[in-house]
Peer 1: 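Quick one: the structure is below, and I'll ask about it shortly.
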Amino acid sequence: MTAYQPAPGVLDACEAHDAYDAVVLAGGSARRLGGADKPGVRVGGRALLDRVLSACAGAAATVVVADPRPTARPVRWVREDPPGGGPVAALDAGLRATTAPVVLVLSADLPFLDPATVTRLTSALAASGAEGVLLRDAEGRDQPLVAAYRAEALRRALDQLAAEHGGTTERAQQAGPGGRGAQRGLAGLSLRRLTGELRLTRAEAPLASFDCDTWDDIAAARARIREHEHVLDEWITAVKDELGIELDVDTGVLLDLARDAAHNVARPAAPLTTFLAGYAAGRTGGGPEEVAEAARKAAALALRWAEEETGKGTAPGGPAGDRDGTGPDAG
């Protein structure tokens with residue numbers, strides 16, 4: 001285990017726990033899935049890789065170690081040398097493309113990872129003297145590919161492994177000819193060897209650390225997101241990802257508007273009214289406040305509509321405050 005002392009300024013930077021880069025390992029062979037393209041397998045209509053990229057959208061830079069493919073968010077692509085050299089070699093390649101003092105390291109098969117868990121990891125690292133914070137799964141096993149690390153400590157541990165296995169250190173490799181990853185001697189090494197060189201602390205988040213190694217895992221993930229208490233949030237997130245919308249609105253406001261329009265006007269009015277409210281909000285800035293205000297106005301209109309239907313609205317020509325239908329023209 002290496003002794004690590006943060007360089008001047010590094011700890012301060014870590015305290016601002018939103019200053020992190022993300023490295024996503026997405027180039028495995030997926031043998032337990034029969035060699036399927038695991039990062040592209042869809043759960044809830046979204047590729048597993050896109051779900052992970054959505055969770056770490058707050059990263060200053062996101063590096064994916066794999067062959068390039070279309071993704072919902074822009075990323076930088078790198079590849080370990082040789083390709084298929086294993087997770088330690090892949091992490092080494094990804095880390096070279098980062099500059100932040102904290103690096104979030106993730107696998108590409110985490111369907112339930114969310115931004116709150118990412119914040120929890122980076123915040124825990126900033127608050128601790130550890131060199132890394134990783135999640136444990138439901139069985140209590142360490143998950144080094146759902147973790148936040150101090151980048152300098154991670155580089156030092158990789159250098160130490162490279163030296164132990166006859167490879168060059170990062171500094172020597174950068175100075176020497178070629179600078180190829182194969183010189184590092186990291187291919188085939190276990191992640192446990194790497195994390196054994198670091199001072200770590202753990203966090204418990206069994207759902208966020210759930211990974212999809214088998215088709216049974218995929219089926220379980222697909223079933224869970226369709227459960228009543230999860231399906232709406234999953235659907236809204238999927239739609240926002242598909243449309244490239246970053247807006248975080250109070251869905252309860254929109255649901256209340258849809259209910260009021262359906263109940264007080266007509267059932268088909270619900271989707272049309274929520275669409276029009278969203279369109280109006282977009283024309284006036286499109287932020288959460290504009291959405292809430294458009295929804296409030298449309299909901300009030302639906303209530304007025306219903307009051308006229310039941311005879312409780314203001315009578316024609318009556319005072320604005322007359323709501324009982326007994327004005328002078330009420331007959």
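Numbers here simply count residues along the sequence, with the first being 1.
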Peer 1: Rounded to the nearest 0.5 Å, what separates atom SG in Cys56 from atom CG in Leu113?
Peer 2: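 Rounded to the nearest 0.5 Å, the SG-CG separation comes out at 7.5 Å.
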
Peer 1: Answer yes or no: is there a side-chain heavy-atom contact under 4.5 Å between Leu145 and Leu191?
Peer 2: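 The answer is yes, as the side chains (C-beta and beyond) meet within the 4.5 Å cut-off.
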
Peer 1: Compare all side-chain heavy atoms of Leu25 with those of Leu106 and state whether any distance is below 4.5 angstrom.
Peer 2: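 With C-beta onward as the side chain, the pair stays apart.
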
Peer 1: Among side-chain atoms of Ser107 and Asp109, is any donor-acceptor pair under 3.5 angstrom?
Peer 2: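 Their side chains do contain a donor-acceptor pair, which is all the 3.5 Å distance test asks for.
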
Peer 1: Go through the steps for Leu53 and Val64 under the test side-chain contact (heavy atoms from CB on, under 4.5 Å), then give the verdict.
Peer 2: CA-CA 9 Å; Leu53 295 179; Val64 180; 4.1 Å; yes

Peer 1: If I take atom CG from residue Leu135 and atom CZ from residue Arg141, how far apart are they, to the nearest 0.5 angstrom?
Peer 2: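 One finds 13.5 Å between CG of Leu135 and CZ of Arg141.
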
Peer 1: Among residues at least two apart in sequence or on other chains, which ones pass side chain to side chain contact (heavy atoms under 4.5 Å, CB included) with Leu232?
Peer 2: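 Side chain to side chain contact (heavy atoms under 4.5 Å, CB included) check on Leu232 returns Ile236, Leu255.
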
Peer 1: Please round to the nearest 0.5 Å and tell me the distance separating atom CG of Asp142 and atom CG of Leu134.
Peer 2: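 Going from CG on Asp142 over to CG on Leu134, the span is 5.0 Å.
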
Peer 1: Mark yes or no for whether Arg226, through its side chain, and Arg222, through its backbone, hold a donor-acceptor pair below 3.5 Å.
Peer 2: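 Yes: the side chain of Arg226 pairs with the backbone of Arg222.
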
Peer 1: Check whether any side-chain N or O of Asp217 sits under 3.5 Å from a backbone N or O of Asp213 as a donor-acceptor pair, and report yes or no.
Peer 2: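 The answer is yes, because a donor-acceptor pair under 3.5 Å joins these two groups.
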
Peer 1: Flag the pair Asp159 and Arg156 as a salt bridge only when some basic side-chain nitrogen lies within less than 4.0 angstrom of an acidic carboxylate oxygen.
Peer 2: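 Arg156 and Asp159: not salt-bridged.
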
Peer 1: Can you tell me how far apart NZ (Lys297) and CG (Leu257) are? Round to the nearest 0.5 Å.
Peer 2: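 The NZ atom of Lys297 sits 13.5 Å away from the CG atom of Leu257.
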
Peer 1: Are there more than 12 heavy atoms of other residues, nucleotides or ligands under 6.0 Å from atom CZ of Arg76?
Peer 2: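 Not buried by this count: 12 neighbours or fewer within 6.0 Å.
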
Peer 1: Could you tell me which residues satisfy side chain to side chain contact (heavy atoms under 4.5 Å, CB included) with Glu290, sequence neighbours excluded, listed by chain and number?
Peer 2: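 Scan of Glu290 (side chain to side chain contact (heavy atoms under 4.5 Å, CB included), adjacent residues dropped) gives Ala281, Thr284.
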
Peer 1: Are the charged groups of Glu234 and Arg51 less than 4.0 angstrom apart, N to O?
Peer 2: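 Salt bridge between Glu234 and Arg51, a charged N being under 4.0 Å from a carboxylate O: yes.
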
Peer 1: Decide yes or no for Asp137 and Pro206: does some side-chain heavy atom of the first lie under 4.5 Å from some side-chain heavy atom of the second?
Peer 2: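 Side-chain contact under 4.5 Å: no.
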
Peer 1: Are the side chains of Val103 and Leu154 in touch, meaning some heavy atoms are under 4.5 Å apart?
Peer 2: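 The answer is yes; the side chains approach within 4.5 Å.
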
Peer 1: Could you check if a side-chain atom of Ile225 sits within less than 4.5 angstrom of a side-chain atom of Phe112, using non-hydrogen atoms only?
Peer 2: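 Sidechains of Phe112 and Ile225: in contact.
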
Peer 1: Looking at Ala292 and Val253, what are the two nearest heavy atoms and their distance?
Peer 2: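 Scanning both residues, the minimum pair turns out to be CA-CG1, 4.3 Å.
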
Peer 1: Could Glu204 and Arg136 be called an ion pair, given the rule that one side-chain N must be under 4.0 Å from one carboxylate O?
Peer 2: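 Counted as a salt bridge, because a side-chain N and a carboxylate O are separated by less than 4.0 Å.
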
Peer 1: Are Tyr149 and Val102 side-chain neighbours, meaning at least one heavy-atom pair lies under 4.5 Å?
Peer 2: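 Counting from C-beta outward, Tyr149 and Val102 never come under 4.5 Å.
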
Peer 1: Within a radius of less than 6.0 Å around NE2 of His230, do more than 12 heavy atoms belonging to other residues, nucleotides or ligands occur?
Peer 2: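 More than 12 heavy atoms, drawn from other residues, nucleotides or ligands, come within 6.0 Å of this atom.
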
Peer 1: Using a 3.5 Å cut-off and no angle test, enumerate the donor-acceptor pairs between side-chain atoms of residues 40-50 and protein atoms at least two apart in sequence or in another chain.
Peer 2:
| residue | atom | partner | partner atom | Å |
| --- | --- | --- | --- | --- |
| Arg42 | NH1 | Gly45 | O | 3.1 |
| Arg46 | NH1 | Asp241 | OD2 | 3.1 |
| Asp50 | OD1 | Ala72 | N | 2.9 |

Peer 1: Under the side-chain contact (heavy atoms from CB on, under 4.5 Å) rule, what do Leu272 and Phe275 come out as? Steps first, then yes or no, please.
Peer 2: CA-CA 5 Å; Leu272 293 172; Phe275 164 76; 5.7 Å; no

Peer 1: Search all heavy atoms of Ala19 against all heavy atoms of Ala100 and return the closest pair with its distance.
Peer 2: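 Smallest interatomic distance, heavy atoms only, reads O-CB, 4.1 Å.
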
Peer 1: Do Val291 and Leu254 touch side chain to side chain, with heavy atoms closer than 4.5 Å?
Peer 2: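 Val291 reaches Leu254 side chain to side chain.
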
Peer 1: How far apart are the closest heavy atoms of Arg79 and Ala93, and which atoms are they?
Peer 2: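 For Arg79 and Ala93, the tightest heavy-atom pair comes out as O-CB, 3.9 Å.
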
Peer 1: Quick check: do Leu189 and Leu194 have side-chain heavy atoms less than 4.5 Å from each other?
Peer 2: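 They are not in contact (no side-chain heavy atoms under 4.5 Å apart), so the answer is no.
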
Peer 1: Taking Arg150 first and then Glu152, would you say they form a salt bridge - that is, a charged N and a carboxylate O separated by under 4.0 Å?
Peer 2: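 A salt bridge is absent here (no side-chain N lies under 4.0 Å from a carboxylate O).
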
Peer 1: Specify the closest pair of heavy atoms between Leu121 and Val146, including all atoms of both residues, with the distance to one decimal.
Peer 2: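 Heavy-atom minimum between the residues: CD1-O, 4.0 Å.
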
Peer 1: State plainly whether one hydrophobic cluster holds both Leu200 and Val88, where clusters connect Ile, Leu, Val, Met, Phe, Trp and Tyr through side-chain heavy atoms under 4.5 angstrom apart.
Peer 2: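 Yes; Val88 is reachable from Leu200 via cluster members.
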
Peer 1: The test is side-chain contact (heavy atoms from CB on, under 4.5 Å); show your working for Thr62 and Arg73 and say whether it passes.
Peer 2: CA-CA 9 Å; Thr62 301; Arg73 296 178 182 275; over 6 Å; no

Peer 1: Is it true that Arg296 and Glu293 make a salt bridge, defined as a side-chain N closer than 4.0 Å to a carboxylate O?
Peer 2: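 Salt bridge: yes.
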
Peer 1: Please evaluate residues Asp21 and Leu104 with respect to the criterion side-chain contact (heavy atoms from CB on, under 4.5 Å), reporting the C-alpha separation (whole Å), side-chain torsions for both, the decisive distance (0.1 Å), and the verdict.
Peer 2: CA-CA 6 Å; Asp21 289 338; Leu104 185 73; over 6 Å; no

Peer 1: Could you give the distance from OG1 (Thr195) to CG (Leu198), rounded to the nearest 0.5 Å?
Peer 2: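 If I round to the nearest 0.5 Å, the distance is 7.0 Å.
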
Peer 1: Using atom types as modelled and distance alone, determine if a side-chain donor or acceptor of Ser123 lies under 3.5 Å from a backbone N or O of Arg120.
Peer 2: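 Between the backbone of Arg120 and the side chain of Ser123 there is no qualifying donor-acceptor contact (under 3.5 Å).
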
Peer 1: Specify the closest pair of heavy atoms between Pro115 and Ser54, including all atoms of both residues, with the distance to one decimal.
Peer 2: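 The answer is CG-O, 4.3 Å.
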
Peer 1: Cut-off 3.5 Å, side chains only: do Arg155 and Thr98 have a donor facing an acceptor?
Peer 2: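 Yes, a side-chain donor-acceptor pair sits under 3.5 Å.
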
Peer 1: Nearest 0.5 Å, please: how far is CG in Leu207 from OG in Ser209?
Peer 2: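 Between Ser209 OG and Leu207 CG, I get 8.0 Å after rounding to 0.5 Å.
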
Peer 1: Looking at every non-hydrogen atom in both residues, tell me the closest pair between Trp77 and Arg69 and how far apart they are.
Peer 2: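 Closest approach of Trp77 to Arg69, heavy atoms only: CZ2-O, 3.2 Å.
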
Peer 1: Answer yes if Phe210 and Val24 sit in the same cluster of Ile, Leu, Val, Met, Phe, Trp and Tyr residues linked by side chain heavy atoms under 4.5 Å apart, and no otherwise.
Peer 2: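 No, it is not one cluster - the side chains of Phe210 and Val24 are not joined through contacts under 4.5 Å.
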
